[in-house]
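Just so it is clear, the structure is predicted and the values come from calculations on it, not from any experiment.
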Amino acid sequence: MATIAQWIEGARPRTLPAAIAPVVAGTGAAAALGESDYGLALLALVVAVSLQIGVNYANDYSDGIRGTDASRVGPVRLVGQHKADPDNVKIMAFSFFGFAALVGLALVALSNAWLMIPLGAVAILAAWKYTGGDNPYGYRGLGEVYVFVFFGLMATLGTLYTQAGQITTAGVLAAVGVGAIASAILVANNLRDIPTDRATGKMTLAVRLGDRGTRVLYAALVAVAALAVVAIAVIRPPALVALLSLAVAWKPVRLVLSGASGRDLVRVLSATGLFEITYGVLLAVGLAWGGASA
């Protein structure tokens, strides 16, 4: 039976910045309009974090029963390492999905953003289909697309929409930047797992691109995040403060481009998560700086 510590590790806390940063950035975009609502932001944060944890448990369950997690470097695999009963891990995944749905309904009701109900349902279905079901898209190299869409565009713009009732150009650009970094986290994870994924037939984007191509993709995603800030600054100059987050990104980019592998890439995961949080917070500050604008 898995210990509480192992269940916590199985939730993969290093990935949670991918859920937190878009809510922070989206709230900053709402603040730029003078429409920020921290109560609604908190609900959006609970939804995003719960969905992220649900995805992580679902991934643990699905990869574990397929045998692709039998030999991994990195966090504990509850099913793959026989730490927990697969059915219990599946129950945990759907419990977090259900909790995300309930809190999401409260968020929608309070904000009157009814459009988010079908979008939220699609997000939960996509979370399960990532590695679950008969033909998981995570095994076809589309995992990064899922992360970009749901933990970049949807999480950021959904946060903005529930608070401000509209989508802005700055919000879209912020979503692109945050989504790029969230995708970079998955790219680093899959770069580490190329040998085992290739051996088990899990054709992630990293397996398809190969080692060198995946390392270039990681650096390119960080560059996209930086360019998004520059583009936002055309509309909201104080947003340039978010470029200070590149000081955090420098070390993981250097490690990836210098050929880091195995446990060194676990450090890259943590550092990229810190980069995303720093980026999201600084971008939110820059967007809110100077008060509301039309």
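- Side-chain atoms of D37 come within 3.5 Å of backbone N or O of L40 as a donor-acceptor pair.
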Name the atoms and distances for all side-chain donor-acceptor pairs under 3.5 Å in residues 144-159, with sequence neighbours left out.
unit_1 : atom_1 : unit_2 : atom_2 : d
E144   : OE2    : N190   : ND2    : 3.3
T156   : OG1    : G152   : O      : 2.8
T159   : OG1    : A155   : O      : 2.7

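- Taking all atoms of both residues into account, the shortest heavy-atom contact from V222 to A249 is CG1-CB, 4.1 Å.
- The backbone N or O of L269 lies less than 3.5 Å from no partner atom in the side chain of R14, so there is not a single donor-acceptor pair.
- Listed here is the closest heavy atom pair of T272 and V268: OG1-O, 2.6 Å.
- Looking only at side-chain heavy atoms (C-beta outward), W128 and F94 come within less than 4.5 Å of each other.
- You'll find the side chain of M116 stays beyond 4.5 Å of the side chain of L107, heavy atoms only.
- By the 4.5 Å heavy-atom criterion applied to side chains, P252 and Y218 are counted as neighbours.
- At least one donor-acceptor pair closer than 3.5 Å links the side chain of T196 to the backbone N or O of D193.
- Heavy-atom minimum distance, W7 versus A2: NE1-CB, 3.5 Å.
- In this structure, the side chains of K90 and S62 stay at 4.5 Å or more apart for every pair of heavy atoms.
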Let me check something: any side-chain donor-acceptor pairs from residues 135-142 under 3.5 Å, sequence neighbours excluded? List them with distances.
unit_1 : atom_1 : unit_2 : atom_2 : d
N135   : OD1    : R140   : NE     : 3.4
Y137   : OH     : A126   : O      : 2.5
Y139   : OH     : D63    : OD1    : 2.5
Y139   : OH     : T68    : OG1    : 3.2
R140   : NH2    : N135   : O      : 3.4

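- Considering all non-hydrogen atoms of both residues, L282 and L244 come closest at CD1-CB, 3.9 Å.
- Heavy-atom neighbours of F99 CZ from other residues, nucleotides or ligands within 6.0 Å: at or below the threshold of 12.
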Could you walk me through whether V89 and M92 satisfy the side-chain contact (heavy atoms from CB on, under 4.5 Å) test, starting with their C-alpha distance in whole Å, then the side-chain angles of each, then the deciding distance to 0.1 Å, before giving a yes or no? CA-CA 5 Å; V89 177; M92 285 291 284; 5.5 Å; no
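- For Y61 (side chain) and N88 (main-chain N/O), no donor-acceptor pair under 3.5 Å exists by modelled atom type.
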What do the steps show when you test V55 against F96 for side-chain contact (heavy atoms from CB on, under 4.5 Å), and what is the final call? CA-CA 9 Å; V55 170; F96 276 97; over 6 Å; no
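- Contact between L243 and A226 at its shortest, heavy atoms only, is CD2-O, 3.8 Å.
- Between the side chain of R215 and the main chain of V256, a donor-acceptor pair closer than 3.5 Å is present.
- Under a 3.5 Å cut-off, the side chain of D197 and the backbone N or O of K202 do not form any donor-acceptor pair.
- Between A127 and L51, the closest heavy-atom pair is CB-CD1, 4.0 Å.
- Side chain of N56 to main chain of G10: no donor-acceptor pair is present (N/O by atom type, distance under 3.5 Å, no hydrogens or angles).
- For R66 (side chain) and T131 (main-chain N/O), a donor-acceptor pair under 3.5 Å exists by modelled atom type.
- Every side chain to side chain contact (heavy atoms under 4.5 Å, CB included) that L125 has, sequence neighbours left out, goes to K129.
- No donor-acceptor pair closer than 3.5 Å links the side chain of R192 to the backbone N or O of R263.
- Under the 4.5 Å side-chain criterion, counting only non-hydrogen atoms from C-beta, Q163 is not in contact with L33.
- Using a 4.0 Å cut-off between charged side-chain N and carboxylate O, D264 and R267 make a salt bridge.
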